[in-house]
Protein chains: 2
Amino acid sequence: MRNDTQASTKDQILDIAESHFATFGFAGTSLRGIIKEANVNVASVAYHFGSKDDLFAAVMQRFAAPVVEAQLNRLSSEMSQPNITLEKILRAFYEPPIQLVHSLGAKGEKLSLFLGRCHSEPEPIFSLVDSHFASCRNRFIDAFKALEPDKTESVYHWRFEFMLSLIVNFLTRHKNIMQRYQTSTDWNANDVVDMLCQFCLNGMSAQQIKK
Amino acid sequence: MRNDTQASTKDQILDIAESHFATFGFAGTSLRGIIKEANVNVASVAYHFGSKDDLFAAVMQRFAAPVVEAQLNRLSSEMSQPNITLEKILRAFYEPPIQLVHSLGAKGEKLSLFLGRCHSEPEPIFSLVDSHFASCRNRFIDAFKALEPDKTESVYHWRFEFMLSLIVNFLTRHKNIMQRYQTSTDWNANDVVDMLCQFCLNGMSAQQIKK
DNA sequence: ATAGAATTCAATCATATGATTAAATCAATC
DNA sequence: GATTGATTTAATCATATGATTGAATTCTAT
């Protein structure tokens, strides 16, 4: 341990790596860039994590995993209630990541970018990301199916994709977007969740009408 | 000119470059990889385009520009009609890229990936991409405003972002998604436009209710 | 205090990368 | 068929990259 106010080498690397992956993408991030900003030695990365791929996986595991877990817990508790609705499913999906990101302040903005951008990484990173979110996808698709069983399979899948794309877009771009129509980039977590839920809920009701 | 059946060096580079940028992203694409698959010399890239950045810009210009132009033409002709509706604006946005991509077959799938992925490129590519789509964004935001003038500025901006995120998600991921619920990855352009329009139209009506 | 484990360090490897140069080849024109 | 301009080629530069090594240092338990 270096000293009390400084994070451990491992955490320091994770923090900066997350920031760089979020800002530059996986391919655009170099270990050199990370270790320079983190003030650690290149070999520390290999020692603590292994390869660059392993480092990315560690960053994923550190933050994405808890988010998915929170979403699934919320979904489970909602589904065990008798009066389940589409809106409750949507809130179970949107609230955990939005509230976590918002609660972390400046650090959360980096996490936000990372969470958003990891969904559009090229292979082989995409498969890694997908493996982290596959259980989440499957469970939410099952929830859509359980709530309204008489639709074609494709409807459930596209519901999930549309729901996902809205939050990915928000996480990746909200800062840019808000700068276009107001000076501040502050936002309220509840308002954002409401906005996403309302849009998605009504969008899904369109599918109910059509087929 | 090499021979009659083979594309010119310049077009050959553009084709393969588009494919590689689509598959690996900008940072993940190497000029070596492109020129190897295109069977041309490295210096040809510099000769015809300049730098790697310039090559990306040329690929953007070649396909993104016509799509934006088609969207804006559609929007203009719709806006000049007396009975303009939200749905007509949405169709003006969705139909040109979807129909173009679909009409090109296997080549269109590459274009689809490229069009989708370029929207989530890190800087400095993002700024280049944004400059190509800025006019499109502004004009569609203006259309939303003209149709329903009494909303807060943020509503129009988020409408555009949600509209955009749905098609970006479709372009980037439709192949993966469809493989999950059916064996074929064929799709019908009209059905997709309908799906996107219906979801988006109803989603936007939610904003009308709230504010 | 010290032995042993854990961690950090400087140095180096092999390769990949974007870019550039000057010579060679091709195509059109006279 | 020689001239001229456009295009392609092989070779090379300077640098960046992910990874690894073995020695030095720090930490921990005794």
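Fair warning: this is a prediction, and the values are worked out from it, not measured in the lab. Just so we're on the same page: letters track the sequence lines, and every chain starts at 1.
- Looking at which nucleotide of DNA chain C each of A:Tyr47 and A:Val42 is closest to, the 5′-most match is held by A:Tyr47.
- Distance from the side chain of A:His48 is smallest to C:dT7 among C:dT7, C:dA19, D:dG18.
- Side-chain nitrogen and oxygen atoms of B:Thr9 include at least one within less than 4.0 Å of the OP1 or OP2 phosphate oxygen of D:dT8.
- Of the two residues contacting DNA chain D, namely A:Gly28 and A:Asn41, the nearest-nucleotide position lying further toward the 5' end is that of A:Gly28.
- Atom NZ of A:Lys10 and atom P of C:dT8 are 11 Å apart (whole Å).
- OP1 or OP2 of D:dT17 lies within a sub-4.0 Å distance of a side-chain N or O belonging to A:Ser30.
- The CD1 atom of B:Ile125 sits 12 Å away from the P atom of C:dG18 (whole-angstrom rounding).
- The residue among B:Arg32 and A:Ser44 whose nearest nucleotide of DNA chain C is located toward the 5' end is A:Ser44.
- To the nearest angstrom, C1' of C:dT17 lies 12 Å from CZ of B:Phe26.
- Closest contact between the side chain of B:Lys52 and the listed nucleotides D:dA19, C:dA19, C:dT20 involves C:dA19.
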Exercise for review: Apply salt bridge (Lys or Arg N to Asp or Glu O under 4.0 Å) to A:Glu161 and B:Arg180, showing your working.
Suggested key: CA-CA 12 Å; A:Glu161 289 298 325; B:Arg180 288 197 208 110; 3.3 Å; yes

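- In this structure, A:Lys52 satisfies the cation-pi test against A:Phe26, with its NZ or CZ atom closer than 6.0 Å to the six-membered ring centre and inside 45 degrees of the ring normal.
- The two residues A:Glu121 and A:Phe126 make their nearest non-hydrogen contact at O-CB, 3.1 Å.
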Point to revise | Intermediate values then yes/no, ring-ring contact (aromatic ring centres under 6.0 Å, His included), B:Tyr181 and A:Tyr156 | key: CA-CA 10 Å; B:Tyr181 66 84; A:Tyr156 309 123; 9.9 Å; no

